[in-house]
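Since the structure comes first, as structure tokens, the remarks are kept for the end.
No hydrogens, no waters, no symmetry mates; every other heavy atom, side chains included, goes into these values. A, B, ... follow the sequence lines: proteins, then strands. Residue 1 opens every chain.
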Amino acid sequence: MPELPEVQTVLDGLSEVLTNRVLTGLECYYPGTVIVDPLLPDEAFPARVKETIRRGKYMILHLDSGAGLIIHLRMTGKLVYEPDPREPHKHERARILLEGGDAVRFIDPRTFGKITLFASANLSRFMPALGPEPLSKAFDAQYLSGLIAHRSAPIKNLLLDQRIVAGLGNIYVCELLYRARVQPQREGRKVSAPEIRRIVNHTKDVLQEALEVGGTSISDYRRIDDKSGEFQHFLRVYQKLECPKGHPLGNLRLGGRSSFYCPVCQK
DNA sequence: CAATGATCCTGTCCGC
DNA sequence: TGCGGACAGGATCATT
């Protein structure tokens with residue numbers, strides 16, 4: 001669920017919590033959630049956060065000890081700052097310990113999320129090859145065209161491929177394709193130049209809008225009550241029955257994921 | 001190399 | 001009230 005805007009929002013909150021704080025350790029409560037670089041220096045902790053970076057859906061924290069953390073929330077991961085926490089929460093898979101007894105809990109019911117503790121020099125060994133940031137200038141129509149012109153896979157699958165562009169997930173891809181008026185199942189090679197331009201532009205627009213409302217645009221739809229609302233007004237097709245113009249939506253399964261689209265507005 | 005499908009995992013929801 | 005099954009989806013791995 002967390003896609004680029006949500007990850008950025010979480011990272012901003014995490015940076016705020018960790019500023020000027022001393023990290024004293026990282027605990028793991030579920031096998032596999034924490035991955036430790038074999039070459040990690042012994043003096044990884046204590047350390048302060050020197051820099052925080054988002055790359056696609058990955059959060060990277062560089063520490064002043066020569067170590068760093070990569071945090072990936074996958075689908076259900078959450079970071080919760082907890083002053084003076086006691087027993088690990090039911091779904092707490094790991095915990096970042098802070099000097100003074102506070103902690104940041106990594107809560108992840110479905111256990112897909114990961115925290116990697118790495119030696120700074122080895123960052124690249126723990127990061128996959130990712131395409132450009134969708135909001136950067138590198139992600140433009142010419143770039144995208146070059147990567148999809150010969151592809152027969154559905155445009156939606158291509159946009160979900162993090163090697164092509166880093167940070168999009170199922171929900172925003174459904175939304176941006178609606179805005180770009182292109183059906184998700186269209187083969188990459190059959191997407192015209194004007195359509196590619198619209199896809200690129202609407203990718204940037206939808207992400208920018210979501211960032212401006214603090215990434216609350218998608219979130220857990222089951223927790224509507226907790227979040228007062230930006231996202232009900234944000235989504236136009238995802239998990240909807242009809243598009244804003246009142247046309248009944250189609251729902252295809254592409255790459256194993258539900259794909260909402262409007263058969264009338266999208267060609 | 002490209003495309004597709006299975007896999008990991010648990011909470012939620014629906015129908016009976 | 002409880003049960004089984006479908007579903008949710010990011011990334012990786014296996015298969016064709």
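The side chain of Gln162(A) contributes an N or O atom lying less than 4.0 Å from OP1 or OP2 of dA11(C). Between dG10(C) and Lys114(A), no contact under 4.0 Å exists linking OP1 or OP2 to a side-chain N or O. Ser258(A) has a side-chain polar atom (N or O) that falls below the 4.0 Å cut-off from OP1 or OP2 of dA8(C). At the phosphate of dG10(C), neither OP1 nor OP2 sits under 4.0 Å from any side-chain N or O atom of His72(A).
In this entry the distance linking CG of Asn157(A) with C1' of dT4(B) reads 9 Å, nearest Å. Atom CG of Leu254(A) is separated from atom C1' of dT4(B) by 12 Å (rounded to the nearest Å). The distance from atom CZ of Phe112(A) to atom P of dG11(B) is 12 Å, rounded to the nearest whole Å. Taking atom NZ on Lys78(A) and atom P on dC9(B), their separation rounds to 19 Å, with Å as the unit. The CG atom of Asp161(A) sits 13 Å away from the P atom of dG10(C) (whole-angstrom rounding). In this structure, the CG atom of Leu130(A) is 8 Å from the P atom of dA11(C), given to the nearest Å. For the pair Lys90(A) NZ and dG11(B) P, the interatomic distance rounds to 5 Å; values are reported in whole Å. In this entry the distance linking CG of Leu252(A) with P of dA8(C) reads 13 Å, nearest Å.
Residues Tyr30(A) and Arg257(A) each lie close to DNA chain B; by heavy-atom proximity, the contact nearer the 5' end of the strand is made by Arg257(A).
In this structure, Arg93(A) forms no cation-pi arrangement with Phe106(A), as its terminal cationic atom is not both closer than 6.0 Å to the ring centre and no more than 45° off the ring axis.
Comment: Arg179(A) engages Glu209(A) in a salt bridge, judged by a side-chain N to carboxylate O separation of less than 4.0 angstrom. Under a 4.0 Å N-O distance rule, the pair Asp37(A)/Arg125(A) qualifies as a salt bridge. A salt bridge links Glu133(A) with Arg55(A): the distance from a Lys NZ or Arg NE/NH1/NH2 to an Asp or Glu carboxylate oxygen falls below 4.0 Å.
Checked by atom type, the side-chain pair Arg54(A)/Gln8(A) shows a donor-acceptor distance below 3.5 Å. Side-chain contact check for Ser145(A) and Gln142(A): no donor-acceptor pair (N or O, by modelled atom type) lies under 3.5 Å.
Here Arg253(A) lies in heavy-atom contact (under 4.0 Å) with sugar-phosphate atoms only.
With Glu82(A) as the fixed residue, the side-chain hydrogen bond (donor to acceptor under 3.5 Å, both in side chains) test singles out one of Arg95(A), Arg105(A), His89(A): Arg105(A).
You'll find that the side chain of His91(A) is closest to dG11(B), out of dT12(C), dG11(B), dG10(C).
Listed by residue number, Arg151(A), Ser152(A), Ala153(A), Pro154(A) are the residues of residues 146-154 of chain A with a heavy-atom contact under 4.0 Å to DNA chain B.
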